[in-house]
Amino acid sequence: MRTSRINIDYTINSGQVFLWEKIDKNWYGINGKEIFCIRQNPFKLSSSTKKSSDLFRQTDNVEKILKNISKDEIVRASTKKFQGLRLIRQNPFQCYISFICSSNTNIKNIKQMLQKLCKKFGRQVKFEEKYFFTFPDPQTLANASLRDLLSCGLGFRAKSVKKASKDVIVKKVDFDHLKKIDYITAKETLKSVRGIGNKIADCILLFSLEKLEAFPIDRWTWRILKKYYSEKFELQNKTLTEKKYEEIHEKIVEYFGPYAGYAQQFLFKMERDLNQKKWL
DNA sequence: TACTAACCTGTACG
DNA sequence: ACGTACAGGTTAG
C-alpha cells in the first residue's frame, strides 16, 4: 500500500478516465458525485466526500499481480517502463455512460461530451476553492430530452445514453448485482444494452465492476496482439468479429490469467505512447 | 456466421 | 482557408 509508487500521470493518461484536469501540479477529477484532487510529489489525495472510494485499488496486491501477468518480455517491458500505472476503480454509472460515449470517437471528444453532460445535468459543487460539476444521476439522464443530450455533442450516442440510463432505472442493469456475479453473465447483461458491444462491455467490467479478467480489445490492443501475439493466439489475418472476440478472449485469459485486465492496461499505454497519441 | 457500410461530431491534417 | 479523413465501436442488413 505504498501510494507513493503510483504514477498519477501514467494512470490518468491511459485511456481509462476522461473527466480529469491537471491544474498546476494537481490533478482534479470527477468520479460520480465525488471530486478528487491528487498530487504526485509529495503524494496527496483529497476527496470532496468524507469516506472517499478506493480509487487506485490500493487493496490489490500489485506486486503479485504484475508478477502474475508477466508471462513474456512484452508485458515485462511495459510494466517496467510504466511503473506505477494502475487500474482506477470508477463509479459504475459514470464509467458505463463514458464508454457508451466512446464509440467511434477519440479521447478529446469523449472528454468534451462528458464535460458538457456534467455541466448541463450535474450539480455544481465547490471543492478546494474551485467549482466542479458532478456526474449526473441515472434518473436525470433517463429523463433528459434527446434534444438536450444532442446539445452535449453526443450525436448518434444520445439515444443510447438515454436508453442505457433508463435500463439502470428499471434495474435491467444493476451495478451492485453485476459486481457480484461472474464475468460472462455480467457481460451478457451489459451487451444487451443498446450501444454496448464487446469492447465497451469489457471496459465497464474492468474499470468499474471488479472483473479483472476483462481484457478490452480495441484498435490499439488489437494492433498489439497482432504484432506480438499473432502466433500464440492464432490471429493470422483474422478480423475482430463478434465470435472471434470471445474466442480470443478465452485464449488471453488462459495465457495471462485472472488479472489479464492489468496486462491490457500496460500494453495499451505502451502502444499508444509509442504512436505518440494524445491523452487528456 | 462473416462482412460492410452508415453513424454524429469535432479536429487534425493536406 | 476549406475540405476530407478519421477517431479507443456498434448496429443493421
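All values below were derived from every heavy atom in this structure, side-chain atoms included, with hydrogens, water molecules and symmetry-related copies excluded. Numbers restart at 1 for each chain; the letters A, B, ... are given by sequence-line order, proteins then strands.
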Legend entry - Proximal nucleotide (of dG9(C), dT11(B), dC8(B)) relative to the Lys199(A) side chain: dG9(C)
Legend entry - Nucleotide nearest Asn109(A) (side chain, heavy atoms from C-beta), chosen from dA2(B), dT9(B), dT11(B): dT9(B)
Inset, instruction - Compare the minimum distances between each of dA7(C), dC8(B), dA12(B) and the side chain of Arg219(A), then state the nucleotide with the smallest one. - result: dA7(C)
Legend entry - Spacing of Phe156(A) atom CZ relative to dT11(C) atom P, expressed in whole Å: 10 Å
Inset, instruction - For Ile107(A), report the nucleic acid contact type (base, sugar-phosphate, nothing); a contact means any heavy atom under 4.0 Å. - result: base
Legend entry - Residue met sooner reading DNA chain B from 5', once Lys243(A) and Asn104(A) are mapped to nucleotides: Lys243(A)
Inset, instruction - Under 4.0 Å between any heavy atoms, over every strand shown, what does Thr239(A) touch: base, sugar-phosphate, or nothing? Just pick one. - result: sugar-phosphate
Inset, instruction - Would you classify Glu242(A) as touching base, sugar-phosphate or nothing, given that sugar-phosphate means primed atoms plus P, OP1 and OP2, and contacts are heavy atoms under 4.0 Å? - result: nothing
Legend entry - Aromatic ring pairing Phe256(A)/Phe215(A), orientation class (parallel under 30°, perpendicular over 60°, tilted between): parallel
Inset, instruction - Give Trp222(A) one of three labels, base, sugar-phosphate or nothing, depending on what nucleic acid heavy atoms sit under 4.0 Å from its own. - result: nothing
Inset, instruction - Flag this pair as yes if the NZ/CZ of Arg39(A) is under 6.0 angstrom from the six-membered ring centre of Trp27(A) and inside a 45 degree cone about the axis; otherwise no. - result: no
Inset, instruction - In plain terms, say whether Asp273(A) and Lys277(A) are close enough for a salt bridge, that is, a side-chain N and a carboxylate O under 4.0 Å apart. - result: no
Inset, instruction - Searching all strands shown, indicate the nucleotide that pairs with dT4(C) (Watson-Crick or G-U wobble; both distances under 3.5 Å). - result: dA12(B)
Inset, instruction - Using atom types as modelled and distance alone, determine if a side-chain donor or acceptor of Lys211(A) lies under 3.5 Å from a backbone N or O of Lys179(A). - result: yes
